[in-house]
Amino acid sequence: MRYWLLKSEPSTFSIDDLKQKGSDHWDGVRNYQARNFMRDEMTPGDLALFYHSNANPPGIIGIAKVSKKGYPDHTSWDPYSPYFDPKSSPENPRWFMVDVEFVEKFPRLIPLEELKGFKELENMTLLQKGSRLSIQKVTKQEFDFITKL
DNA sequence: GCCAACGTTGGC
DNA sequence: GCCAACGTTGGC
């Protein structure tokens, strides 16, 4: 059982979108480190903090659960997709995605600014300087601490 | 809209 | 394999 943090811009895909759909594939990730997490490590049943980036304010808004392990991201070979990558093909997929399902939306968004104030979270990837990774590992301690806020 | 930090590309 | 140039992320 692992814990993750998934970033999404709410103007593109928000927790409410996930809630409404129930589950969805986490497509469009075009970063190798994040891809490797999805392809190699994310397992059905893992829980993820849902983070709204480029939001006002940015912060953690809920929980999602991995519902399907990594498989090729078909948007990467769709020339009409904004995530198209000519170097990816069905025969030789470069990018992967997982499916996630809605678990919970918090009664309030926990702002990034607030998270920065907790000593318990000082080592969180999210709070490290220059951290842009869209899929991050979270420790059980961090996950439990945040879900109790 | 600005810009710092980071990742990728491609010439050499 | 180096590294400059460029593109993207994401907070502010």
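First the proteins, then the strands, lettered A, B, ... as listed; each starts at 1.
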From the 5' end of DNA chain B to its 3' end, which nucleotides mark the outer limits of contact with chain A, defined by a 4.0 Å heavy-atom distance cut-off (strictly under)? B:dA5 to B:dT8

Out of the candidates A:Ile63, A:Ile60, A:Ile61, only one should pair with A:Ile15 under the side chain to side chain contact (heavy atoms under 4.5 Å, CB included) rule; please name it.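 It is A:Ile61; the other options fail the test.
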
To the nearest 0.5 Å, atom OG of A:Ser53 lies from atom CZ of A:Arg132 at 12.0 Å

Testing the 3.5 Å rule here: is there a donor-acceptor pair between the side chains of A:Trp26 and A:Asp99? no

Side chains of A:Thr75 and A:Arg30: donor-acceptor distance under 3.5 Å anywhere?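 Yes.
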
Hey, which sits more toward the 5' end of DNA chain B by its nearest nucleotide, A:Asn54 or A:Arg132? A:Asn54

Can the ring centres of A:Phe145 and A:Phe118 be said to be less than 6.0 Å apart? yes

